[in-house]
Each structure stands twice: as structure tokens, then as C-alpha cells.
Number of protein chains: 2
Amino acid sequence: MINGHGDDLYKYKHIVANFSSNVHQNTDNTSLIEHLREVLPICTASYPEPEPYTLQKLLAEHHNVSPDSVVVTNGATEAIYLIAHLFSGKPVKINEPTFSEYRSASEVYQSTITPQASIRWLCNPNNPTGLVQSEDYDDEILVIDRSYEYYSRKVLPKLTLDDKHLYIYSLTKRYKIPGLRIGYILTSPSIATKIRHIRQPWSVNALAIEAGIWIAQHNFPETINRVNLWEETDRLRLALSQIPGIELEDSDTHFMLLKTPKRAQELKEELAQEFGILIRDASNFKTLSPYHIRVATQDRKANDLLVAALKDKLSAF
Amino acid sequence: MINGHGDDLYKYKHIVANFSSNVHQNTDNTSLIEHLREVLPICTASYPEPEPYTLQKLLAEHHNVSPDSVVVTNGATEAIYLIAHLFSGKPVKINEPTFSEYRSASEVYQSTITPQASIRWLCNPNNPTGLVQSEDYDDEILVIDRSYEYYSRKVLPKLTLDDKHLYIYSLTKRYKIPGLRIGYILTSPSIATKIRHIRQPWSVNALAIEAGIWIAQHNFPETINRVNLWEETDRLRLALSQIPGIELEDSDTHFMLLKTPKRAQELKEELAQEFGILIRDASNFKTLSPYHIRVATQDRKANDLLVAALKDKLSAF
């Protein structure tokens, strides 16, 4: 799916608070960005490693697994498309509502989506709900997207690196570099080998690789204070839940679903035009209603703007 | 194919002259790089356009075609894999020797390679020979990779944007940004639409898009003096042709094939270790011999180093 995703910031002018992606805008990645600016002239002048071996080795050390188990990808999205390609034509099931690319990628590779399938796609914590799900399924294959693990308030199950489990990770959100595109797959060496056989060379650009190497070499430094993030999330949730007409759904992360009395599409445009606030119209997630929106906790000032704007727009209901 | 490509600079230390890729190292892209360093903090912090609409529009203006005819890709390589995906399972033919990814991508998508096919892959000018080929074939489909058009000493046939023709372009070589990954496809709107349906979102990173926009907005500025490049190419060719034992093949560009009496693999390692010179072992191109190497003209000083080193290594033959 090309259209209908969050963080469509590029379409709007004068946005002062961006709640539309699950990236926390207050993330401090200054040292990483400074490093990238320094290496940019060298990095861009030569081809990247056709497959990012160096980074795969470092990520393997971090996760305490074999480098043969790691496949670095052009964002979590390439991971999803490679896995869908690997299972071409095989029926899959998807726990909806969830990130739409599992469905889109499966359809591109001629897989039917049916509850009878033995391959399951699972996002944990789940996007857009923010809920942590059980990974205890007896399906033949479990594809578990852990792009939001860093933002989980619950501890996730330990990794199981066998032929049944494929995990997807993202470095995009935690380090606020969605523009660079960097993610990876962890799985058994035999599944990883099959994925390597169908991948194109140089899919991950040299700066993304460099960012990954920097992150790994700095031992995955903290970029936000998560204690503060949870406190601010609780404060925001309390304020949102007190707005008449809003139904606030449970979440185990800093992003959450809300159902409001106004159509999401309309509310989104009004907030953007009148308040410079960008939210995620969540109505195109399968099983959700035309009234669902998704927001992710930002800093106190932005959150207060959001609450005030929602109060204003929903006062008539 | 992941291994066996040129520009494997990342594997070597102390390289003083790099002849191994078709990028001309003397390319002046200073203003572009300065621009990218400036926009990096902003560019990396948000998702790129899921499909690079803005750049597609600018490229369409440059080529004087409809934006519906342009598909911007993660390097020419994503273009190759998308086209191979589009023709999944259909027999194809390939004019060998040529860039190995046409074969690799076709194999990934279950296409057999046979002279009886009605889809033809063509690289023009051709890599590794540097020769301009006729595009006048009566095949049903022609996929024409024009990644090296800028380096062609002959004028190529005019574009024909119908369902029979798919052209691949690269911005990587001309602007010396192979680390960034940026290319595009030009074809009929109906074929382009089919390609859009099978592509993943966000495959092109935000800095690559930004580079493309800068290039288009600056009207594809010259980055080398091509008159000088041809003069230096002629000088290098003359010097190479006078080394006993070397068979220099014809070329219409700045890169060329040479057959030497020494095995290419061995010669490459010796030149790297003893002289800090990196060449392309071309022996893994289909139909070439174990004695073929490829080099691309660099500046006078580097070219003289290459000639002296080859004389030294081949003097025993």
C-alpha cells in the first residue's frame, strides 16, 4: 500500500505538533546525526556493502545470536516484503487491526488471507492499538514484528530462533531516523539463508548502514527517558479520557487509539488546518471505524495543544 | 547476486586508486554534498514520501513525459528487481556479457533465460564492455538499462514510451552517490501503474530523494568535463594497448574490458596489495574468460599508476 499511512507530514505546511507517526518527536539523536553529517561525503561516494555484513555481525553480538541469523533490511518494510516473498502463494492469517503492509505485501506475493492459514503475522506491541499480544500460538510459522519493542511497557517473550519464528526489528523509531530506512530480521540461519537468496544487493543505503553501526557500537544508547514518557503518556491519557465523547482504548505503549464522534478524515483536516496539529486518521485500518484516530505521546506542550484542540473541535457533540 | 560485483572497496585498506566501479572518482559533486549535509537532520527525522511523487514530477518535466510514466527506485537495482517481478515466470533473454543482476533478478522471480523468449534485457551502453548496442529489436518487450547514458560517446536512440519499452536510469554514477541509491524507470503509464502495484512503500530513502530533487532543480548540472574525460580515456587506452600481452577491447564509454595473460583474480589481489590499485575482476561476467578485467578511466595520475602497475605485473609474460 502506497497511500494511507501515517506521518504524511510532507503533505502539510505549518504543522507545529506531529502526532501522526509512532516516532516520539522529542527523541535526542544529536550525536548520531552529527556523526552522519561527518561521514556523509565518504559514505555516499562508494557503493554500500551489497549485503550489510558488518552491521549484521554487530547486531548478532547485541542479540547474542549467530550473524547467520541476521538480515539487515531497507527499513522494516523491506523485511515484510522479503518475508511475504519467501511465503509467496501460501495462505496467511493476520491479527487485525494491524499495520497494513502485512496484508499489502502478502497480496503482492499472491498469498490469500484466511483464518485457516498456518502462517501468522503478528505485530507486538501492535500498531495501531499499542497492545502487547501473546506470542503463544501453535501455528507453523509466526512472523512477529517487534518494531515497537522499545516502547513497550510490558516485557516481551524471549526470542526463539528456530524455523518457526521470524522477528522483524526497526531502528527507525527509536533513533528518529525514519527518513534513512533501517531494520532487520532475526530468524534461524536456514530461514535467513532462504531470504538472502531472494534479496537484491545494495538495498540498504550506506548512511543507514553507518547509522546502524554507530548505534550498535554505542551499545544502543537511550534516546528518551522512558520513565518520563510513561508519566507523560498517563497524563495525556487522563486528559483525553476526560473529553466528552472520546472513547480512549487501552494501550501498552506511548501510542493509542481514540474513537471520537467526528469522522476521522474530517477531524484530521480540521486539526491540521486550524491548529497545525497532525494526527493519524486510523479509519483505514481493517476492522476499525470511520471515527478512529491514533496519536502518539509527544512532549507536554504539544500534548496540551492536542487536548485543547480536541476539546474545541468536539465541544459540539 | 550478492557477491562478485565491482567497487568492493569496503573489503580493502590502503586503496589509492579505484578503477573497480564505473564511477569516475574525479566527479565534482561538492554543492550537492553540501546541500545534503545541511538537510540531513530534517530529512532523516520524518518518513520519506511513500512513493517519491515530488521527484517523479520533476524527472517527468526533465524528460518531457507524463509523471505517470516515472517510477523512482532505490537505485537502478530496485528497478531491475521490480521489472523482473512484473515479468515473473516469463522467459527472458539477456545479451551477455552484461550486468549480472538481470539474470539474478530473473532467476529470483522464476523466469527462465532462453534465446526463445520475447522479453529482452539490454544494457546500453553495455556494462562491462562499454559498447553502445542497437535497440532495434522486434521482441515483444525491451528492457533497456541506460544507467551509463551520461558516459556514452555515441548518441542513443530517442525514448519510445509505449508498452514495449522500459528504460532504467541511474543518478548514482553521474553524481558519484552510489552510497545513496537512486534510480528510476521510464515507461508507458500503464506499465508504470503495474509496477506501482507491486512495489513497497518508502523504498527510496529521504536523502536519496532530496539528492534527486536537487539534481533536477539544478537542471542536471555537469559534474565532469566530458571532453577531458574522452581525451584522458584515449590516452589511457593508448598506454594500455602498448603493454605487451594486453588485449584491449573496444568501448564507447570511459570503462573498458582488458584481457591479460594473468588470471584476473590473482592480478586484482596483487594490484590491491602491492600498489593500492583496485580493479574489477570481470571473470564472473557470463561468456568472459578468467583473464578479463574491467577498468574505468580516472584522473591522469591514477591512470599512470595503473599503467605502470600493469606493466610491472605483466612483464614476466
Side-chain angles (χ1 to χ4, degrees), chain A residues 1-11 18 21 23 25 27 29-30 33 36-38 40-51 53-54 74-75 77-78 80-81 85 101 104-105 108 172 176-181 196-211, chain B residues 1-11 18 21 23 25 27 29 33 36-38 40-51 53-54 74-75 77-78 80-81 85 101 104-105 108-109 172 176-181 196-211:
Chain A
M1 185 176 82
I2 291 293
N3 291 305
H5 285 285
D7 200 14
D8 45 356
L9 188 61
Y10 58 89
K11 287 187 192 159
N18 182 4
S21 88
V23 175
Q25 301 299 326
T27 298
N29 63 3
T30 321
I33 295 298
L36 292 177
R37 290 183 79 180
E38 231 166 80
L40 185 143
I42 297 289
C43 255
T44 51
S46 289
Y47 280 82
E49 290 178 348
E51 186 184 327
Y53 312 102
T54 308
N74 177 20
T77 317
E78 191 195 13
I80 294 169
Y81 276 72
H85 187 171
E101 288 304 320
S104 298
V108 161
T172 286
K176 208 172 78 170
I177 46 173
L180 272 189
R181 322 304 306 129
R196 286 182 225 286
H197 279 143
I198 53 172
R199 81 175 309 184
Q200 64 161 86
W202 309 298
S203 69
V204 189
N205 73 84
L207 273 174
I209 293 177
E210 193 61 36
Chain B
M1 184 176 83
I2 290 292
N3 291 304
H5 285 285
D7 199 15
D8 45 357
L9 187 61
Y10 58 88
K11 287 187 193 161
N18 182 3
S21 88
V23 175
Q25 301 300 325
T27 299
N29 63 3
I33 295 298
L36 293 177
R37 291 184 77 180
E38 232 165 79
L40 186 142
I42 297 290
C43 254
T44 50
S46 289
Y47 281 82
E49 290 178 349
E51 187 184 325
Y53 313 102
T54 308
N74 176 20
T77 317
E78 191 195 12
I80 295 169
Y81 276 73
H85 186 171
E101 289 304 320
S104 299
V108 160
Y109 286 102
T172 287
K176 207 173 81 171
I177 45 172
L180 272 189
R181 323 304 305 130
R196 286 183 226 286
H197 280 142
I198 54 172
R199 81 172 312 183
Q200 65 162 85
W202 309 299
S203 70
V204 188
N205 73 84
L207 273 175
I209 294 176
E210 193 60 36

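A note on names: the letters A, B, ... follow the listed sequences, proteins ahead of strands, and every chain is numbered from 1. Quick caveat: nothing in here was measured; it's all calculated off a predicted structure.
Closest approach of Gly179(B) and Pro48(A) over heavy atoms only: CA-CD, 3.9 Å. Glu78(A) approaches Gln200(B) most closely through the heavy-atom pair CA-OE1, 3.3 Å. Looking at every heavy atom in both residues, Ser46(B) comes nearest to Pro178(A) through C-CG, 3.6 Å.
Between Ser203(A) and Thr77(B) there is no side-chain heavy-atom pair separated by less than 4.5 Å. Looking only at side-chain heavy atoms (C-beta outward), Asn74(A) and Arg181(B) stay at 4.5 Å or farther from each other.
Most heavy-atom pairs under 4.5 Å with chain B, from the set Ala211(A), Ala208(A), Ala206(A): that is Ala206(A). Top candidate by heavy-atom pairs under 4.5 Å with chain A, chosen from Glu49(B), Glu38(B), Glu210(B), is Glu49(B). Of all the listed residues (Leu180(B), Val204(B), Asn205(B)), the one sharing the greatest number of non-hydrogen pairs under 4.5 Å with chain A is Asn205(B). Ranked by heavy-atom pairs under 4.5 Å with chain B, the first of Thr54(A), Thr30(A), Val108(A), Ile209(A) is Val108(A).
One finds the OG atom of Ser104(A) at 11.0 Å from the NE2 atom of His197(B) (value rounded to the nearest 0.5 Å). Thr44(B) contributes atom OG1, which lies 9.0 Å from atom CG of Leu207(A) (distance to the nearest 0.5 angstrom).
Of the two parts of Ile177(B), the backbone and the side chain both hold a non-hydrogen atom closer than 4.5 Å to a non-hydrogen atom of chain A. Of the two parts of Thr172(B), only the side chain, counted from C-beta on, holds a non-hydrogen atom closer than 4.5 Å to a non-hydrogen atom of chain A. With a threshold of 4.5 angstrom between heavy atoms, His85(B) approaches chain A through side-chain atoms but not through N, CA, C or O. For Leu40(A), the part lying under 4.5 angstrom from a heavy atom of chain B is the side chain only.
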